[in-house]
Asker: 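Take a look at the following structure, please.
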Amino acid sequence: MSTYRTHNPSTGRTVAEYDGLADHEVDNVLSRAVEGFHSWNRWSPARRAEVLAAIADEFQARTDELARAISEEMGKPLAQAVGEVKLAASIYRWYAEHGPALLASEELDVSGARENAITVEPVGPLVGVMPWNYPYYQVARFAAPNLMAGNTVILKHASICAKSSALIEQLQRAAGLPENTFLNVYASSDQVAQMVADPRVHGVSLTGSERAGAAVAEVAGKNLTKSVLELGGSDPLIVLDSDNLSELVDELGRARLSNSGQACNSPKRMFVPEDLYDDFVAQLTDLYRSIEVGPASDESTEMGPLSSEDARDGVVDQVRTAVEQGAKLRIGGDPIDRPGAYMEPTVLTDITDEMDVYHDEVFGPVAMVYKYTDLDEALRIANDTRFGLSGSVWGTDADRAAQVADRIDAGMVYVNEHGTTRAGLPFGGVKASGYGRELGRWGMAEFVNTKLRRVS
């Protein structure tokens, strides 16, 4: 029985169910992806770029329809859903504009030969295993550069994103992407493993949990299949000082609640100096008390539900365990008593390294605030994590803040902003947050053959 379904977390009702991929269909999917590759990779980069630009246009033209789909599927408030659709469109457009230049051949100035040429060639069919928290953006990060490069894509989206993943395939075909170039499949984990192990697949990219990443990496490693992983995070946010604490608390507090806190690079751990700490916590608590939590479709909603009741209950359990282990609950921590996957915005303090939440990712609307008197100690705790996705530093002296940011062990660091993503900026982490990069020229380089042709 298929696990693919649309279950609206704003209402708690299942809207639709979808047939999963049958085991005997896996071989046909792979054959189609190979067939598509043999055609698509012969298109010129300029011609492929035209299709990507048309895909961006389709995203923009169908913004409202696409936004409503993910609001229904995973509870993203409509304004945030519209923003995500526009972000996805910007990624396809960036690769349409910059992709041909990134694929251009290059001459190396190395003696002893008449020619040292570097060409960039696609490698073949790829599998993308994508998460539910940003249904369009995450797919665009993977698909846009690889389609531009001439690879073909097999998308295995999250089981709650059946509707939006089908829409992605439909709009790309409407934009002129050839048949068998992008295949959306409702596959199981075992079927994904079968695909990754097949020699017709030349790469796999996964965004998701550590456990899922380890499982995919194991299969990929055994079969010498290239992999890129973007996994969890427990991002630190370090406040140095502030000339307007109220504005700072509002910005940081709302950033933590964006997408109901369900973002790998959300500012999950906030480090605040002792002289600001009491006011910071009090204002953050007041802010979270005032947040309007409601259905994703309501314009007044500031924070929607979590993606599912199970996801909500998991975060609630993490908070309750933290309190049992000695953390201080300033506000929230409970499910909201109504149909759907709602949870109160939550503030936790007084966290120590003996508590589970000190070490684990909390994927929900929970801000964990640490007080520090010594910056070196704050940085030690900030880096005392198996994760290394991103982090940020906030202060009135940007140069000093940049120096502090350089001491954070992460793939991305920011000063006076957190988690900013742009098509031309690399995205990825270190340690248990994964390996490889997406977006920009770095995302283009992951699944291509950088070939040397040397002529003596």
Side-chain angles (χ1 to χ4, degrees), residues 49 51-99 128 130-148 153 155 157-158 161 163-165 167-172 175 177 182 205 207-208 228 230 233 235 251 254-267 296 303-304 307 389-390 392 411-412 414 417-429 437-444:
V51 175
L52 263 67
I55 292 172
D57 291 341
E58 282 289 320
F59 267 98
Q60 291 181 312
R62 300 173 66 173
T63 295
D64 291 343
E65 174 193 8
L66 295 167
R68 287 194 300 271
I70 59 174
S71 288
E72 181 181 54
E73 283 180 335
M74 48 75 61
K76 195 185 297 285
L78 272 174
Q80 294 179 34
V82 167
E84 182 183 338
V85 175
K86 293 180 178 179
L87 178 58
S90 75
I91 293 171
Y92 283 95
R93 197 169 305 284
W94 190 91
Y95 280 103
E97 294 172 353
H98 299 276
M130 297 291 112
W132 48 260
N133 57 336
Y134 290 92
Y136 301 124
Y137 162 63
Q138 302 278 12
V139 174
R141 282 192 339 203
F142 166 64
N146 286 302
L147 291 173
M148 182 64 237
V153 169
L155 171 65
H157 216 319
C161 293
K163 184 176 182 178
S164 58
S165 62
L167 286 172
I168 294 170
E169 183 177 36
Q170 291 168 14
L171 72 83
Q172 292 187 133
L177 193 69
F182 183 101
S205 180
T207 298
V228 168
E230 195 273 282
D235 287 9
E251 182 173 0
R254 291 181 185 277
R256 180 63 185 109
L257 298 185
S258 179
N259 207 38
S260 300
Q262 300 167 123
C264 300
N265 60 337
S266 179
M303 189 186 97
S307 63
L389 189 55
S390 70
S392 62
M412 303 169 286
Y414 304 89
E417 61 180 23
H418 190 99
T420 299
T421 185
R422 297 286 186 274
L425 299 175
F427 191 104
R437 291 295 180 267
E438 295 177 302
L439 297 179
R441 61 182 175 86
W442 302 270
M444 180 72 83

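FYI, side chains are in, hydrogens and waters are out, and symmetry mates aren't considered; it's all heavy atoms of this structure.
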Asker: Identify, with sequence neighbours excluded, every residue that meets side-chain hydrogen bond (donor to acceptor under 3.5 Å, both in side chains) alongside Tyr137.
Answerer: Arg141, Thr421
Asker: Walk me through whether Asn146 and Met444 qualify under side-chain contact (heavy atoms from CB on, under 4.5 Å).
Answerer: CA-CA 7 Å; Asn146 286 302; Met444 180 72 83; over 6 Å; no
Asker: Which residues pass the side-chain hydrogen bond (donor to acceptor under 3.5 Å, both in side chains) test with Ser71, not counting sequence neighbours?
Answerer: none
Asker: Which residues pass the ring-ring contact (aromatic ring centres under 6.0 Å, His included) test with Phe59, not counting sequence neighbours?
Answerer: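 In terms of ring-ring contact (aromatic ring centres under 6.0 Å, His included), with neighbours along the sequence ignored, Phe59 is linked to Tyr92.
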Asker: Could you walk me through whether Leu167 and Leu66 pass side-chain contact (heavy atoms from CB on, under 4.5 Å), step by step?
Answerer: CA-CA 8 Å; Leu167 286 172; Leu66 295 167; 3.9 Å; yes
Asker: Does the side chain of Ser390 come under 3.5 Å of the side chain of Asp235 through a donor N or O and an acceptor N or O?
Answerer: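 Result is yes, a qualifying pair exists.
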Asker: Taking atom CG of Asn265 and atom OG of Ser392, what is their separation to the nearest 0.5 Å?
Answerer: 10.0 Å
Asker: Looking at OG of Ser266 and CG of Leu389, how far apart are the two atoms once the value is rounded to the nearest 0.5 Å?
Answerer: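 Taking OG in Ser266 and CG in Leu389, the distance rounds to 10.5 Å.
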Asker: Would you mind listing every side chain to side chain donor-acceptor pair (under 3.5 Å) that reaches into residues 78-88, with sequence neighbours excluded?
Answerer: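 Non-adjacent pairs meeting side chain to side chain donor-acceptor pair (under 3.5 Å): Lys76-Glu84.
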Asker: Applying side-chain hydrogen bond (donor to acceptor under 3.5 Å, both in side chains), name anything that partners Gln60, two or more places apart in sequence or on another chain.
Answerer: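 side-chain hydrogen bond (donor to acceptor under 3.5 Å, both in side chains) list for Gln60, sorted by chain: Arg93.
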Asker: First locate atom CD of Glu438, then atom OG of Ser205, and finally report the distance between them rounded to the nearest 0.5 Å.
Answerer: 4.5 Å
Asker: Taking side chain to side chain contact (heavy atoms under 4.5 Å, CB included) as the definition, give me every residue that meets it alongside Ala175, ordered by chain and number, with sequence neighbours left out.
Answerer: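 Residues passing side chain to side chain contact (heavy atoms under 4.5 Å, CB included) with Ala175: Ala54, Ile55, Glu58.
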Asker: Measure the shortest side-chain to side-chain distance between Leu147 and Gln172 over non-hydrogen atoms and say whether it is less than 4.5 angstrom.
Answerer: yes
Asker: Roughly how far, to the nearest 0.5 Å, is the OG atom of Ser164 from the CD atom of Glu72?
Answerer: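 Here the rounded value is 10.5 Å.
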Asker: For Arg437 versus Gly411, what's the shortest heavy-atom pair and its separation?
Answerer: NH2-CA, 3.7 Å
Asker: Who pairs with Glu169 by salt bridge (charged side-chain N to carboxylate O under 4.0 Å, His left out), at least two apart in sequence or on another chain?
Answerer: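 Not a single residue meets the salt bridge (charged side-chain N to carboxylate O under 4.0 Å, His left out) criterion with Glu169.
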Asker: Could I get the full list of side chain to side chain contact (heavy atoms under 4.5 Å, CB included) partners for Ala255, not counting sequence neighbours?
Answerer: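 For Ala255 the side chain to side chain contact (heavy atoms under 4.5 Å, CB included) partners, ignoring immediate neighbours, are Pro267.
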Asker: Who passes side-chain hydrogen bond (donor to acceptor under 3.5 Å, both in side chains) against Ser307, sequence neighbours left out?
Answerer: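 If we apply the side-chain hydrogen bond (donor to acceptor under 3.5 Å, both in side chains) test to Ser307, skipping adjacent residues, there are no hits.
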Asker: With sequence neighbours excluded, what pairs up with Val139 under the side chain to side chain contact (heavy atoms under 4.5 Å, CB included) test?
Answerer: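 If we apply the side chain to side chain contact (heavy atoms under 4.5 Å, CB included) test to Val139, skipping adjacent residues, the hits are Met130, Ala143, Leu155, His157, Ile168, Phe182.
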Asker: With no hydrogens and no angle check, is any side-chain donor or acceptor of Glu73 less than 3.5 Å from a backbone partner on Lys163?
Answerer: yes
Asker: Identify the two heavy atoms, one from Ala144 and one from Ile91, that lie closest to each other, and give their separation to 0.1 Å.
Answerer: CB-CG2, 3.9 Å
Asker: So, Asn133 side chain and Asn259 main chain: donor-acceptor pair closer than 3.5 Å or not?
Answerer: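 Not a single qualifying donor-acceptor pair exists.
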Asker: When you measure from the side chain of Ser260 to the backbone N and O of Gly304, does any donor-acceptor pair fall under 3.5 Å?
Answerer: yes
Asker: Give me the atom names and distance for the closest heavy-atom approach of Ala56 to Ala89.
Answerer: CB-O, 3.4 Å
Asker: Quick one: list whatever passes salt bridge (charged side-chain N to carboxylate O under 4.0 Å, His left out) with Glu65, sequence neighbours left out.
Answerer: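 Scan of Glu65 (salt bridge (charged side-chain N to carboxylate O under 4.0 Å, His left out), adjacent residues dropped) gives Arg62.
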Asker: So, taking the atom named NE2 in His418 and the one named OG in Ser258, what distance separates them when rounded to the nearest 0.5 Å?
Answerer: 11.0 Å
Asker: Do Phe427 and Glu230 touch side chain to side chain, with heavy atoms closer than 4.5 Å?
Answerer: yes
Asker: For side-chain contact (heavy atoms from CB on, under 4.5 Å), just list the numbers for Met303 and Arg254, CA-CA rounded to whole Å, side-chain angles, deciding distance to a tenth of an Å, and then say yes or no.
Answerer: CA-CA 9 Å; Met303 189 186 97; Arg254 291 181 185 277; over 6 Å; no
Asker: Distance check, rounded to the nearest 0.5 Å: Glu97 atom CD versus Leu52 atom CG?
Answerer: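 Taking CD in Glu97 and CG in Leu52, the distance rounds to 11.0 Å.
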Asker: Going by side chain to side chain contact (heavy atoms under 4.5 Å, CB included), name the residues that satisfy it together with Arg441, two or more places apart in sequence or in a different chain.
Answerer: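 Counting only residues at least two positions away or on another chain, Arg441 forms a side chain to side chain contact (heavy atoms under 4.5 Å, CB included) with Leu102.
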Asker: Determine the minimum heavy-atom distance between Gly424 and Trp442, stating which atoms define it.
Answerer: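 Taking Gly424 first and Trp442 second, the nearest heavy atoms are O-CZ3, 3.5 Å.
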Asker: If you look at every heavy atom in Ala81 and Ala67, which pair is closest and at what distance?
Answerer: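 Looking at all heavy atoms of both residues, the shortest contact is CB-O, 3.6 Å.
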Asker: Shortest non-hydrogen contact from Ala158 to Pro131?
Answerer: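 That would be CB-C, 3.9 Å.
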